[in-house]
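Report on the structure given below.
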Amino acid sequence: MFNKRIKIKDVIGLDQELNDITVMGWVRTFRNNQFIALNDGSTNTNLQVVAELGLFEDTLLKRITTSAAIKVTGKLVKSLGKGQNIELKAVSIDILGDSDPEQYPLQPKKHSLEFLREIAHLRFRTNTFGSVFRIRHSLAFAVHKFFHERGFLYLHTPIITASDAEGAGEMFRVSTLPLDNPPKDANGNIDFKEDFFGKATNLTVSGQLEGELGATAFGEIYTFGPTFRAENSNTARHLAEFWMIEPEMAFHDLEDNMNLAEDFIKYIIRFAIEHNLEDLTFLDQRLSDEEKLLPTDKRSEMSLLEKLNFVVDNDFERITYTEAIDILLNSSAYKKKKFQYDVKWGIDMQSEHERYLVEKHFKKPVIVTNYPKEIKAFYMRQNDDGKTVAAMDILAPGIGEIVGGSQREERLPLLTQRMAEMNIPEEELWWYLDTRKYGTVPHAGFGLGFERMVLFVTGMTNIRDVIAFPRTPKSAEF
RNA sequence: UCCUUAGUAGCUCAGUUGGUUAGAGCAUCUGACUGUUAAUCAGAGGGUCACUGGUUCGAGUCCAGUCUGAGGAGCCA
């Protein structure tokens with residue numbers, strides 16, 4: 001029954017008249033008891049199906065309601081009306097699934113993103129979310145394509161981990177022990193020897209440490225998987241469950257790392273522009289309609305597509321942390337005391353500082369390197385100045401930190417010295433330290449937050465709208 | 001977690017100083033119309049005013065607490 005189906009995306013591309021075309025999809029609107037706007041998710045464009053007056057029973061027409069699933073066979077013809085080039089003159093219409101219009105929550109009108117978030121199971125059926133998730137798919141595909149073309153090996157790092165020394169935030173405990181009455185040891189603490197893995201385990205906050213194990217055998221690897229942070233973060237940029245891409249490369253230094261990250265970001269944006277122009281154009285239009293409601297000074301200087309093309313066509317700005325602090329100290333914002341937080345060498349830059357650099361000063365993505373070692377992780381390579389480490393963060397306009405990475409400390413004595421200073425027990429990471437004992441090499445890597453990348457490319461502003469089923473504090477519906 | 005702010009019909013919102021029976025547009029239903037683009041026109045139905053408690057003759061409106069959303073901050077990707 002279904003093998004004759006043609007996707008609407010392919011039907012729209014046909015420019016000759018054809019008999020016996022079969023499409024299936026969900027009704028978006030039914031106008032004038034005659035015109036069905038049909039969508040099957042393959043494209044943002046609806047196919048206009050024409051049910052000629054008198055050809056169909058009233059009982060059938062009554063069942064063509066918003067979001068009903070239908071099968072239509074008919075003749076593809078040039079459209080008589082404006083607004084579309086072709087339309088499908090229906091010969092037969094079958095209802096595959098009814099949709100009760102009294103109950104169905106989506107209407108053929110504009111809905112708020114907040115409302116759609118409450119019905120995330122149905123929001124894919126809107127233009128906006130259709131476009132967002134088709135673009136998300138393309139970006140995910142482009143990630144694999146980019147790394148595969150460059151000879152990187154896709155390594156699946158574990159989701160359950162016993163290491164709590166990664167230092168990347170609060171973790172979700174994984175346990176099969178009874179919550180109400182867990183076994184206790186002699187000191188009265190929970191006895192994880194009794195637990196499923198015989199030790200305390202959590203959901204991963206990063207695949208990096210395992211990634212380094214792969215890089216020091218395969219040369220270049222990447223991971224792309226879910227990541228979990230149990231932080232009580234309530235912002236438009238944070239999720240408790242998100243997807244992260246983490247390449248690790250042997251024989252790479254900080255500059256190689258930056259070059260790769262910049263090439264990578266440009267590659268996947270270019271891929272989306274090439275493959276999702278229709279969806280990007282829709283979101284571009286949506287965004288500019290939204291911005292018309294804002295006062296002039298709050299509007300973006302560039303449209304979404306202009307911004308994406310600008311990023312692809314221009315070099316990212318590269319500055320050191322020390323230079324960044326100097327720029328801030330010499331800024332009029334600092335001199336006029338516009339910053340809420342003070343600026344001096346050694347601070348962990350606040351959002352307002354990063355936004356000033358990216359959105360006001362350079363107006364393009366900025367790579368900041370060589371941060372003070374005190375504010376960065378133990379595994380970052382120590383520079384010769386004794387004060388900084390070979391770290392790099394990429395800051396994107398409107399998003400903030402989109403990439404965090406570094407050259408890794410490959411020298412065992414320096415690495416263990418930093419671990420001791422930061423109270424990280426060596427015995428928990430013996431396997432990690434082994435890479436520095438057996439053929440250690442200079443290597444580097446970074447992590448890119450996939451949803452933040454999708455935010456940037458789609459122009460959406462809340463991270464909960466670019467992941468299908470967002471997990472955030474007090475929210476795990478669907 | 002902190003600050004700010006909001007919660008009234010399916011959706012978006014109005015609701016005056018505390019005062020009779022709670023309002024609009026859209027959606028839905030019924031009818032008309034029939035080449036429409038969120039169709040149009042006429043009519044109808046639709047409410048635990050987030051929840052709990054309090055003040056008052058009387059609370060959508062005032063007070064306290066709770067829950068949830070949004071904007072900003074922190075943490076970070």
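Predicted model only: the values in this text are computed from it and were never measured. A note on names: the letters A, B, ... follow the listed sequences, proteins ahead of strands, and every chain is numbered from 1.
Using a cut-off of 4.0 Å between Lys/Arg side-chain N and Asp/Glu carboxylate O, A:D393 and A:K376 are scored as salt-bridged. Taking 4.0 Å as the cut-off between side-chain N and carboxylate O, A:E301 and A:K363 count as a salt-bridged pair.
When the salt bridge (charged side-chain N to carboxylate O under 4.0 Å, His left out) test is applied to A:D348, no partner is found at least two apart in sequence or on another chain. In this structure, the side-chain contact (heavy atoms from CB on, under 4.5 Å) partners of A:I6, at least two apart in sequence or on a different chain, are A:D10, A:V11, A:I21. The ring pair (Phe, Tyr, Trp, His ring centres under 6.0 Å) test applied to A:H148 returns no partner, not counting sequence neighbours. Taking the salt bridge (charged side-chain N to carboxylate O under 4.0 Å, His left out) definition, one finds that A:R471 meets it with nothing, sequence neighbours left out. With sequence neighbours excluded, the residues forming a salt bridge (charged side-chain N to carboxylate O under 4.0 Å, His left out) with A:D465 are A:R117, A:R123, listed by chain and number.
Judged by a 6.0 Å distance limit and a 45° cone about the ring axis, A:K307 is positioned over the six-membered ring of A:F456.
Among residue pairs with one or both ends in residues 84-109 of chain A, none qualify as ring pair (Phe, Tyr, Trp, His ring centres under 6.0 Å); sequence neighbours excluded. Within the structure, the salt bridge (charged side-chain N to carboxylate O under 4.0 Å, His left out) test picks out no pair touching residues 74-88 of chain A (sequence neighbours left out).
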Between protein and nucleotides 23-36 of chain B, map the contacts as a letter string: B base, S sugar-phosphate only, - none, heavy atoms under 4.0 Å, written 5' to 3'. --BBSSS----BBB

How does protein contact run along nucleotides 66-74 of chain B, one letter per nucleotide 5' to 3', with B for base contact, S for sugar-phosphate only, - for none, heavy atoms under 4.0 Å? --SSSS-BB

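Rounded to a whole Å, the CD1 atom of A:I399 is 14 Å from the C1' atom of B:C76. With rounding to whole Å, A:L113 atom CG is found 15 Å from B:C11 atom P. Atom-to-atom, CE of A:M392 to P of B:C76 comes out at 17 Å; the value is rounded to the nearest Å. To the nearest angstrom, C1' of B:C75 lies 10 Å from CG of A:D348. Between the CD1 atom of A:I375 and the P atom of B:C75 there is a distance of 10 Å, rounded to whole Å.
Taking the C1' atoms as reference points, B:U8 lies 27 Å from B:C3, given to the whole Å. Using C1' as the reference atom, B:U34 and B:A22 are 38 Å apart when rounded to the nearest Å. Nucleotides B:A38 and B:U66 are separated by 39 Å at their C1' atoms, to the nearest Å. A distance of about 14 Å separates the P atoms of B:C11 and B:C51, rounded to the whole Å. Rounded to whole Å, the separation between the P atoms of B:U1 and B:U20 comes to 41 Å. B:U21 and B:G15: their C1' atoms are spaced 15 Å apart (whole Å). For the C1' atoms, the distance from B:A42 to B:U52 is 45 Å, rounded to whole Å. Taking the P atoms as reference points, B:G45 lies 22 Å from B:U40, given to the whole Å.
Under the 3.5 Å distance criterion, with hydrogens and angles disregarded, a donor-acceptor pair is assigned to the side chains of A:E291 and A:S300. Of the N and O atoms on the side chains of A:T320 and A:N370, not one donor lies less than 3.5 Å from an acceptor on the other residue. Defined by atom type and a distance below 3.5 Å, a donor-acceptor pair is missing between the side-chain atoms of A:T227 and A:W243.
Across all strands, A:F242 comes closer than 4.0 Å to base atoms (heavy-atom distances). Residue A:L239 is in base contact, counting any heavy-atom pair closer than 4.0 Å across all strands shown.
The residue from A:K9, A:R134, A:R286 that alone fulfils the salt bridge (charged side-chain N to carboxylate O under 4.0 Å, His left out) condition with A:D279 is A:R134.
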As a quick check of understanding, evaluate side chain to side chain contact (heavy atoms under 4.5 Å, CB included) for A:I221 and A:E212, giving each step before the final call. CA-CA 8 Å; A:I221 67 95; A:E212 290 187 44; over 6 Å; no

Close N/O contacts between protein and nucleotides 6-9 of chain B (under 3.5 Å):
none

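Judged by closest nucleotide on RNA chain B, A:F30 is the one of A:W243 and A:F30 placed further toward the 5' end.
Between the side chain of A:E246 and the backbone N or O of A:G207, at least one donor-acceptor pair lies under 3.5 Å. A:H144 places no side-chain N or O within donor-acceptor distance of the main-chain N or O of A:F141, the cut-off being under 3.5 Å.
Within residues 449-460 of chain A, the residues having any heavy atom under 4.0 Å from RNA chain B are, by residue number, A:G449, A:R452.
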Base-pair string, RNA chain B, Watson-Crick plus G-U, cut-off 3.5 Å on both distances, | for inter-strand, is (((((((..((((.....[...)))).(((((.......))))).....(((((..]....))))))))))))....

